[in-house]
2 protein chains.
Amino acid sequence: MGRKIMKQAASKTHATRTVIELRKKILGGELPGGTRLYEVPLAEELEISRTPLRDAMSRLAEEGLLERARSGGFVVRQFSFADVIDAIEIRGVLEGTAARLAAERGVKPEAMASIQAVVKELDGVFGANPGEVEFEAYSELNARFHAELAALSGSKIVEKEVERAARLPFASPSAFLPDKTDIAAFRRSLNIAQEQHRAIVQAIAAREGARAEALAREHARIARRNIEYVLLEDRSLIERVPGLALVVA
Amino acid sequence: MGRKIMKQAASKTHATRTVIELRKKILGGELPGGTRLYEVPLAEELEISRTPLRDAMSRLAEEGLLERARSGGFVVRQFSFADVIDAIEIRGVLEGTAARLAAERGVKPEAMASIQAVVKELDGVFGANPGEVEFEAYSELNARFHAELAALSGSKIVEKEVERAARLPFASPSAFLPDKTDIAAFRRSLNIAQEQHRAIVQAIAAREGARAEALAREHARIARRNIEYVLLEDRSLIERVPGLALVVA
DNA sequence: CTTGCGGCCCATGTATACATTTTCGTTATT
DNA sequence: AATAACGAAAATGTATACATGGGCCGCAAG
């Protein structure tokens with residue numbers, strides 16, 4: 001197929017590619033929160049013209065990583081510790097709403113079967129001994145669980161808003177997955193999270209809206225605890241969490 | 001070529017003015033949901049070039065009134081009846097979160113005094129007889145109440161998300177204010193709403209988070225009922241609600 | 001009639017020159 | 001010394017020409 005020589009294989013347009021590139025720089029800390037993005041030098045550095053750069057920046061503003069300055073131009077958004085906590089809270093509240101609506105309005109059997117299958121698959125990534133987890137598989141399945149949960153609400157709007165709330169990388173359900181980190185509490189948290197996955201699905205199946213909502217909210221607290229640990233107890237882990245570079249001390 | 005004749009009446013830049021103009025056309029129904037916005041003809045019609053037009057469209061995408069088409073370009077966003085209901089639900093959930101956090105975290109006395117003053121002022125717009133209301137004043141104070149409630153959360157993030165959820169015009173707290181409409185149920189709803197305003201503030205002052213949250217959610221149901229009435233019972237009122245032109249049958 | 005290919009058209013993507021506004025240092029005036 | 005006013009530099013805003021690429025139509029082969 002692609003016989004055409006594209007120096008940039010990944011994306012089609014300069015703007016699209018620039019979104020990715022800028023996002024990487026922002027999340028990687030190369031462009032810290034509060035940085036003003038001057039169009040001319042930045043365009044030169046990226047070897048594109050100002051037009052696609054502005055397009056890319058406006059998309060990143062939609063994404064919440066940049067904000068428009070009052071006098072024009074864009075600035076890298078800056079988050080405080082409290083902002084991170086609150087962003088996670090909102091994600092939990094919205095996922096809770098998705099879970100509650102799913103319970104109240106009911107879900108199609110196929111959708112229920114599908115998310116139950118994800119939970120079952122998640123069971124499979126835990127080894128015999130506590131602490132044994134296939135992180136890669138867990139991470140992927142966890143993302144799928146959260147995506148399907150949002151969809152269970154049966155509401156495109158709710159689904160979209162949940163997705164949006166999780167777009168801030170440190171607020172995402174996969175913000176901090178222990179990976180190879182050798183901290184017992186982190187590893188244990190995966191077991192707890194999985195138990196909550198199960199309970200949420202169960203509550204939705206039983207049409208227990210309030211319980212489903214409360215469980216989903218509590219579920220988001222795991223992310224909060226992990227982030228709090230990273231930010232307050234062991235800041236050496238900051239670089240392991242995408243987007244935490246945006247958080248000002 | 002270089003025309004220096006600039007009729008910049010209202011806003012500073014062409015883009016800013018175009019945002020306002022397009023928003024008006026969208027909410028007014030002149031550009032119905034699903035309409036693709038072709039840059040060249042639209043730019044000609046608005047008598048600007050494509051550059052500020054694209055800027056304006058991207059801002060409207062941030063606002064949620066447009067969406068980017070997969071193949072490029074912008075399309076006027078379209079909402080179903082269910083979407084309207086769900087957007088109001090989300091606004092209620094987020095305002096509920098703001099109220100709960102205010103109660104849980106506590107608010108500064110001055111902020112509490114300020115919102116209590118708004119409630120007191122709102123009392124003043126009701127006349128002696130039921131149904132007597134100064135609509136203009138009510139509308140303005142109601143908007144202030146909701147803005148201050150969001151701020152009571154003490155969280156910039158929550159405040160911003162509440163504001164965002166209310167930006168979809170039909171989901172806003174002032175989406176459908178009876179105005180001169182002579183429907184008894186609508187007029188009564190204002191009294192009920194005001195009682196809820198009072199209760200929400202009271203719950204926050206008493207640090208009753210769950211109650212504050214539940215009340216704020218229920219408060220949003222008034223908007224839902226009113227919109228449902230307009231859409232299901234008396235569609236002649238549709239034109240009275242900004243943005244309802246976007247809602248497809 | 002179907003199907004696949006080729007090319008044209010049109011819409012968006014991009015570069016760039018020019019216009020306007022903002023910013024900030026400097027100077028003049030009180 | 002404070003401040004107002006000015007102006008140069010720099011940054012964003014705008015217009016426009018040109019590039020690119022996807023979709024549609026027609027034609028020809030099967």
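- Listed by residue number, the members of residues 54-70 of chain B with any heavy atom below 4.0 angstrom from DNA chain D form an empty set.
- Between the side chains of B:E148 and B:S114, at least one donor N or O lies within less than 3.5 Å of an accepting N or O.
- Comparing A:S71 and A:P52, the nucleotide of DNA chain C nearest to each residue sits closer to the 5' end for A:P52.
- Side-chain contact of B:S80 with B:D83: a donor-acceptor pair under 3.5 Å is present, judged by distance alone.
- Side-chain N/O atoms of B:K12 include none lying less than 4.0 angstrom from OP1 or OP2 on C:dT20.
- A:E39 places its CD atom 15 Å from the C1' atom of C:dC18, with the value rounded to the nearest Å.
- Separating the CZ atom of A:R50 from the P atom of C:dG13 is a distance of 18 Å, rounded to the nearest angstrom.
- By the salt bridge (Lys or Arg N to Asp or Glu O under 4.0 Å) test, B:E45 pairs with B:K25, sequence neighbours left out.
- Looking at A:T51, its side chain comes within 3.5 Å of the base of C:dT16 through a donor and an acceptor atom.
- When the P atom of C:dA11 is taken as reference, atom CZ of B:R36 falls 9 Å away, rounded to whole Å.
- Of the possible polar contacts, one joining the A:R91 side chain to the A:A171 backbone as a donor-acceptor pair under 3.5 Å is found.
- Taking atom CG of A:L42 as the reference point, atom P of C:dA15 lies 13 Å away to the nearest angstrom.
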Any protein N or O atoms within reach of nucleotides 5-10 of chain D? Criterion: under 3.5 Å, listing atom names and distances.
none

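- Relative orientation of the B:F145 and B:H219 rings is perpendicular, given thresholds of 30° and 60° on the angle between their planes.
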